[in-house]
Number of protein chains: 2
Amino acid sequence: MARRSEHSREELKEMALAAAEKILDEEGLAGLSTRKVAAAMGYTVGTLYLVFRNLDDLILQLNAQRLDDLYEHLFMIRQGNDSPQEVVKTLAHFYIQYAREHPAAWHLLFSFRMPQGQALPGWFEARIARLFALVEEQLGRLGLKLDRQGLKLAASTLWSGVHGVCDLSVGDKLSLSGNTKPEELIDSLIERYISGLVHDTE
Amino acid sequence: MARRSEHSREELKEMALAAAEKILDEEGLAGLSTRKVAAAMGYTVGTLYLVFRNLDDLILQLNAQRLDDLYEHLFMIRQGNDSPQEVVKTLAHFYIQYAREHPAAWHLLFSFRMPQGQALPGWFEARIARLFALVEEQLGRLGLKLDRQGLKLAASTLWSGVHGVCDLSVGDKLSLSGNTKPEELIDSLIERYISGLVHDTE
DNA sequence: TTGACTATCTAAACGCTGTTTACTATCTTA
DNA sequence: TAAGATAGTAAACAGCGTTTAGATAGTCAA
């Protein structure tokens with residue numbers, strides 16, 4: 001006991017986040033606890049509190065990492081040569097697949113709320129804004145008569161909508177008839193919204 | 001102690017749900033606990049377990065009550081003589097206001113997940129479906145060339161989208177520039193989507 | 001009216017949780 | 001080599017969801 005510097009603080013952080021991620025994927029949200037994370041990294045809880053302020057802090061860091069990962073993937077997708085509409089669809093399809101593959105982690109990402117009306121840290125909000133910017137970029141390619149503000153609003157709207165479908169779908173709150181897939185809703189949303197956007201701004 | 005039948009089982013249930021609701025509104029999600037609910041009704045935890053299977057069951061009942069309340073209000077709104085688009089907007093505006101007024105309860109309503117991939121009870125899913133049906137009814141009034149299935153898909157899509165805006169907005173994940181209100185996103189979503197729907201199904 | 005039975009409710013326990021504390025063992029520096 | 005700082009642990013605390021045994025009060029038959 002009391003090993004000295006076997007792992008740097010940064011390493012400990014990485015280990016903790018990796019352990020937490022694994023627990024979430026394997027046992028779901030209910031399985032996540034400080035003791036389990038600590039045990040999985042071969043330490044005790046106390047050590048965890050040398051690296052994170054508390055569990056909320058750990059979750060926030062985990063969520064930030066998820067957002068980075070998500071952004072990285074979506075950023076790659078964006079570089080295709082398809083029409084803006086197709087690119088947005090591909091982005092959205094990746095988004096929902098990501099949610100389906102890591103339901104607990106995804107749920108934690110968006111269901112997480114700061115305690116007592118405290119605001120999210122700026123660096124966290126920035127990571128979310130970056131995702132919206134990817135959609136905004138595609139809408140910009142449509143060449144509509146919209147200023148920056150209007151474009152931003154449209155992108156936020158469209159992506160929030162996509163998010164809503166993912167949220168309800170992954171949370172099993174969408175009782176879809178027959179074998180309708182949530183992807184159909186996503187496609188419908190993107191197609192109709194963009195179509196409406198094109199028609200209404202002429 | 002050991003009072004006999006001072007309150008019927010149904011009364012106890014009502015008292016528990018009312019107490020839970022009050023705690024949620026006043027202390028947020030983190031403040032909700034079986035002991036607090038029991039104390040607020042003047043009983044001990046044990047009694048709570050005579051009425052509910054467990055906390056998840058209590059939450060589920062609470063959520064069902066919320067959905068009923070929500071439906072009742074939205075059902076009234078629906079009876080206006082405005083255009084379908086306007087009615088849907090009014091429905092959505094009420095929806096987000098409801099979310100804003102009871103953020104914790106609303107969050108609990110949609111962030112609640114059954115344990116271990118268990119499915120939601122049928123009576124719960126039915127209550128959700130009822131909400132979507134209200135939107136479907138309005139889209140039906142548009143007189144589009146859409147069969148029942150297509151109408152259902154469109155309604156699910158549109159309302160999921162509205163839900164997404166509410167979710168991100170109430171969860172503070174929408175960093176809106178300036179003094180943009182989430183209602184603007186909702187209106188944009190409804191207007192554009194319906195506009196696209198009208199244009200694309202001709 | 002008494003006694004047995006049953007339903008109602010409580011108190012206490014169990015194992016878990018997040019978090020803090022006192023402490024020990026190790027490494028670093030003088 | 002001694003002193004000090006750091007890394008890590010073990011144990012405690014209050015609170016959690018849930019279960020248990022037991023006590024109390026009401027009901028009904030004799």
Side-chain angles (χ1 to χ4, degrees), chain A residues 1-17 19-24 26-63 104 107-108 111-116 118, chain B residues 1-17 19-20 22-24 26-63 104 108 111-116 118:
Chain A
M1 43 203 81
R3 298 160 296 179
R4 187 70 174 276
S5 299
E6 190 167 312
H7 299 100
S8 75
R9 218 133 263 229
E10 203 53 41
E11 279 175 320
L12 286 177
K13 186 177 164 185
E14 288 306 315
M15 289 165 69
L17 294 182
E21 205 156 324
K22 197 174 169 216
I23 292 173
L24 280 177
E26 290 176 357
E27 305 179 42
L29 224 167
L32 187 67
S33 78
T34 52
R35 281 173 176 81
K36 266 194 208 160
V37 169
M41 18 182 327
Y43 284 82
T44 47
V45 245
T47 302
L48 219 48
Y49 283 81
L50 295 174
V51 185
F52 301 97
R53 279 203 310 112
N54 50 33
L55 182 61
D56 273 6
D57 185 29
L58 189 155
I59 291 174
L60 208 60
Q61 306 281 345
L62 189 64
N63 285 346
H107 183 226
L108 191 62
S111 80
F112 178 76
R113 306 269 135 119
M114 284 276 131
Q116 302 278 68
Q118 250 177 281
Chain B
M1 40 210 78
R3 298 160 296 179
R4 183 69 174 276
S5 300
E6 192 167 312
H7 299 101
S8 74
R9 219 132 263 229
E10 203 54 42
E11 280 175 319
L12 287 177
K13 186 177 163 183
E14 288 306 315
M15 289 164 69
L17 293 183
K22 196 173 169 219
I23 292 172
L24 280 178
E26 291 176 356
E27 306 179 41
L29 224 165
L32 186 68
S33 79
T34 53
R35 282 173 176 81
K36 267 194 208 161
V37 169
M41 12 177 339
Y43 284 82
T44 46
V45 246
T47 304
L48 219 50
Y49 283 82
L50 296 173
V51 185
F52 302 97
R53 279 202 311 110
N54 50 34
L55 182 62
D56 272 6
D57 185 29
L58 190 156
I59 291 175
L60 208 59
Q61 306 281 347
L62 189 64
N63 284 346
L108 192 62
S111 80
F112 179 76
R113 307 270 136 119
M114 285 275 131
Q116 300 280 65
Q118 249 178 283

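Everything numeric here is computed off the predicted structure, so don't read it as measured data. Side chains included, hydrogens not; waters and symmetry mates left out as well; all remaining heavy atoms used. Each chain gets a letter, A, B and so on, in the order its sequence line appears, and its residues count up from 1.
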Respond yes when some side-chain nitrogen or oxygen of [X] is under 4.0 Å from OP1 or OP2 of [N], and no when none is.
| X | N | value |
| --- | --- | --- |
| B:Arg9 | C:dT8 | yes |
| A:Ser33 | C:dT17 | yes |
| B:Thr47 | C:dT10 | yes |

Return the value, rounded to whole Å, for the distance between atom [atom1] of [X] and atom [atom2] of [N].
| X | N | atom1 | atom2 | result |
| --- | --- | --- | --- | --- |
| B:Glu27 | D:dG15 | CD | C1' | 14 Å |
| B:Glu6 | C:dT8 | CD | C1' | 11 Å |
| A:Leu32 | C:dC16 | CG | C1' | 14 Å |
| B:Leu12 | C:dC9 | CG | P | 6 Å |
| A:Asp56 | C:dT17 | CG | C1' | 14 Å |
| B:Glu10 | C:dT8 | CD | P | 14 Å |
| A:Leu29 | D:dG17 | CG | C1' | 17 Å |
| B:Asn54 | D:dC16 | CG | P | 17 Å |

Nucleotide nearest [X] when distance is taken to its side chain, options [options]:
| X | options | value |
| --- | --- | --- |
| B:Tyr43 | C:dT10, D:dG8, C:dG18 | C:dT10 |
| A:Leu55 | C:dT17, D:dG17, C:dT19 | C:dT19 |
| A:Arg35 | C:dT8, C:dG18, D:dG8 | C:dG18 |
| A:Tyr49 | D:dG17, C:dT20, D:dA10 | C:dT20 |
| B:Thr34 | C:dT19, D:dT18, C:dA11 | D:dT18 |

Pairs meeting criterion side chain to side chain donor-acceptor pair (under 3.5 Å) with involvement of residues 45-58 of chain A, two or more places apart: A:Asp57-A:Gln61
Does [X] reach the side chain of [Y], with side-chain heavy atoms less than 4.5 Å apart?
| X | Y | result |
| --- | --- | --- |
| A:Phe52 | A:Leu62 | no |
| A:His107 | A:Leu24 | no |
| B:Met41 | B:His7 | no |

Please determine whether side chain to side chain contact (heavy atoms under 4.5 Å, CB included) holds for the pair B:Arg35 and B:Leu48, giving the CA-CA distance in whole Å, both sets of side-chain angles, and the decisive distance to 0.1 Å. CA-CA 9 Å; B:Arg35 282 173 176 81; B:Leu48 219 50; over 6 Å; no
Between A:Leu50 and A:Val45, whichever has its closest DNA chain D nucleotide further toward 5' is A:Leu50
